[in-house]
Amino acid sequence: MIFNIDFETLPREALAAIQLKRLKATLEKVYATVPFYKNKFDEAGFSPSGLKTLADLERVPFTTKQDLRDNYPYGMFAVPMANVVRIHASSGTTGSPTVVGYTARDIETWAELMARALSAGGAGRRDIIHNAYGYGLFTGGLGVHYGAEKLGASVIPVSGGNTKRQIVIMKDFGPTILTATPSYTLHLAEVAKEMGVSFKDLSFKFGIFGAEPWSENMRGELEEALNIKAVDIYGLSEVMGPGVAIECYEAQNGLHIFEDHFIPEIIDPVTGKALPYGETGELVFTSITKEAFPVIRYRTRDITSLSTEPCICGRTHVRMKRVSGRSDDMLIIRGVNVFPSQIESVLMKTEEVEPHYQLVVDRVDNLDTLTVKVEVSESLFSDEIKILQGLEAKLSHDIKEYLGVSAKVKLVEPKSIARSEGKAVRVIDNRKI
Amino acid sequence: MKVTQISIFLENTGGRIAEATSILAKADINIRAMSLADTTDFGVLRLIVSDVDKAETALKAQGFTVGKTNVVAVQVEDKPGGLNAILQILAQADINVEYIYALLKEGHNAVMIFRFDNTDNALKVLEANNIKIFKGEDVYSF
Ligand SMILES: [Zn+2]
């Protein structure tokens with residue numbers, strides 16, 4: 001069901017008109033209240049009053065994670081602390097954490113968008129939501145919680161951890177919707193199995209998974225293990241938290257971005273140039289309704305593409321593809337931008353399995369060379385040399401066709417690609433530049 | 001009438017063959033026949049062993065990629081033209097041989113391992129021509 005039918009199915013022209021109005025107001029507001037934005041805009045020679053069309057957004061400078069860190073903790077807030085009713089922070093694995101704030105109206109907006117998201121993911125008033133996202137500084141738990149209440153569903157605020165108790169609750173309380181990170185959900189499934197509880201006997205219908213990258217492969221695994229439909233939710237605390245974008249369960253093909261609140265763009269991560277719909281690049285967000293912590297052209301580093309193709313669910317909002325990687329991982333090989341995730345999708349298309357692979361880049365006689373090492377799993381293996389050589393040639397051909405870059409594909413033994421904390425080291429760049 | 005062959009993927013054929021054979025020795029498995037096919041990049045070691053399941057488990061436990069394939073153990077007369085006679089029969093029946101290697105000698109006869117693209121058809125043709133084929137159990141415990 002569509003939670004807010006008026007806004008979620010707006011014709012795109014009407015949507016653009018709302019966006020332009022809200023964008024102007026936001027730019028004027030941040031220019032007047034956040035010294036960081038005023039300085040940035042002045043340096044770039046951009047004046048908010050000069051914005052006439054949505055395309056003019058391209059002239060506005062970007063905001064990066066580093067900018068947010070530099071203004072730790074409250075430097076980016078656009079309202080006095082008296083108007084801030086909630087503070088969240090993202091963990092700072094590298095550098096200081098980023099702190100975000102919400103006014104009462106921001107919390108209201110967030111609840112509305114999360115209610116839309118839960119609804120798109122299959123939830124309704126009669127559902128019981130088992131919310132296993134962590135409650136705390138992390139936006140996941142509380143974000144889903146407020147949305148669930150706004151929707152009118154019953155929410156079990158179970159948070160993360162204490163997995164055995166979670167299984168008992170799942171059995172006894174009969175939740176119908178699971179919200180959690182995909183990796184924790186796989187852990188839940190394992191523990192349930194150990195406890196002799198089958199998800200097939202539980203009441204779950206839908207799982208709404210996000211807050212970390214996951215793959216189509218993992219979707220299959222989750223849907224099989226839990227006997228549910230699994231949908232992808234996207235959000236980041238800098239932009240708002242969960243509920244920035246959601247896959248509709250009808251199509252399960254791309255995540256609708258709530259464009260009446262956020263303007264998404266795709267840019268070339270190297271040149272910063274805005275790219276047209278359909279092209280793959282870095283996702284950039286501008287919030288157009290947030291009060292306490294507006295973000296202007298915030299570079300997410302997430303790699304995806306956007307599509308305005310009409311969706312079977314009836315929503316008119318643009319769809320972003322499942323995030324396929326991070327722009328920090330990008331390689332430039334003979335002038336071509338290459339994301340490890342693109343190689344991964346080529347490999348997955350061929351074998352429908354998630355392969356262990358590694359990209360090795362060298363420079364030979366001033367020419368970049370790319371070698372893609374692929375671990376030979378049982379499903380890839382054959383006793384016939386010509387089949388293995390054929391596989392190498394096919395993958396190499398597909399990479400050339402899909403990415404426009406020549407690569408030598410080399411089959412290697414399982415576990416021969418170095419792992420760091422269990423994860424394969426994806427890129428080795430031997431070029432001395 | 002099929003024999004199960006195990007094959008393993010080798011990235012560098014050098015020391016890895018010895019590693020594979022020593023894993024099998026430790027698991028008390030006899031190697032009945034062995035053939036290596038390699039390219040500049042990688043190799044495939046094909047083995048007929050005394051205990052297929054045990055060998056598979058032992059090799060997998062040590063991180064090898066192991067495949068299992070049906071092959072046919074065929075008696076070949078140990079005289080000039082012995083192998084040729086069989087290959088002619090197969091060629092006339094339009095059966096492709098992917099590869100062949102020797103298993104062992106038994107009196108005046110040799111036993112060779114054949115890998116066909118269509119094993120069932122090959123078996124029919126060989127049987128129709130009264131060519132002796134060995135059962136798996138026979139080959140594993142020769
Ligand atoms: Zn849809």
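Since the model is a prediction, treat every value here as computed from it, not as a measurement. By convention in this document, chain letters (A, B, ...) are assigned in the order of the sequence lines, proteins followed by strands, and residues within each chain are numbered from 1.
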In short, B:Ser7 meets A:Asp383 closest at the heavy-atom pair OG-CB, 3.5 Å
Practice problem: Taking atom NZ of A:Lys321 as the centre, report whether more than 12 heavy atoms of other residues, nucleotides or ligands fall under 6.0 Å from it. | Solution: no
Nearest heavy-atom approach of A:Gln389 to B:Thr39 is NE2-CG2, 3.1 Å
A:Leu388 side chain reached by B:Val44 side chain, heavy atoms, under 4.5 Å:
yes
More than 12 foreign heavy atoms under 6.0 Å from NZ of B:Lys26: is that the case here? no
Across all chains, not counting sequence neighbours, the side-chain hydrogen bond (donor to acceptor under 3.5 Å, both in side chains) partners of A:Glu216 are A:Arg219, A:Arg322
Taking every heavy atom of B:Ile8 against every heavy atom of A:Phe381, the minimum-distance pair comes out as C-CZ, 3.5 Å
Interface check, chain B: of A:Glu375, A:Glu378, A:Lys415, A:Lys410, most non-hydrogen pairs under 4.5 Å belong to A:Glu378
Those residues of residues 61-70 of chain B that come under 4.5 Å of chain A on a heavy-atom basis, listed by number, are B:Gly63, B:Phe64, B:Thr65, B:Val66, B:Gly67, B:Thr69
* Do other residues, nucleotides or ligands put more than 12 heavy atoms under 6.0 Å from A:Lys229 NZ? -> yes
Honestly, the part of A:Lys373 sitting under 4.5 Å from a heavy atom of chain B is neither
In this structure, OG of A:Ser382 is separated from CZ of B:Phe9 (nearest 0.5 Å) by 11.0 Å
With a 4.5 Å cut-off on side-chain heavy atoms, are B:Asp41 and A:Glu392 touching? yes
Hey, does A:Ile385 have a side-chain heavy atom less than 4.5 Å from the side chain of B:Phe42? yes
| said: Tell me whether the count of non-hydrogen atoms from other residues, nucleotides or ligands lying under 6.0 Å of CD in A:Glu224 goes above 12. | reply: no
| said: Surrounding CD of A:Glu413 (heavy atoms of other residues, nucleotides or ligands, distance under 6.0 Å), is the total greater than 12? | reply: yes
With sequence neighbours left out, the residues meeting side chain to side chain contact (heavy atoms under 4.5 Å, CB included) with A:Leu186 are A:Met218, A:Glu221, A:Leu222
Heavy-atom closest pair (A:Glu384 atom, B:Arg46 atom, distance to 0.1 Å) is CA-NH2, 4.1 Å
Hits for side-chain hydrogen bond (donor to acceptor under 3.5 Å, both in side chains) against B:Glu98, two or more places apart or cross-chain, chain-then-number order -> A:Lys386
Checklist line | Heavy-atom neighbours of B:Lys54 NZ exceed 12 at 6.0 Å | finding: yes
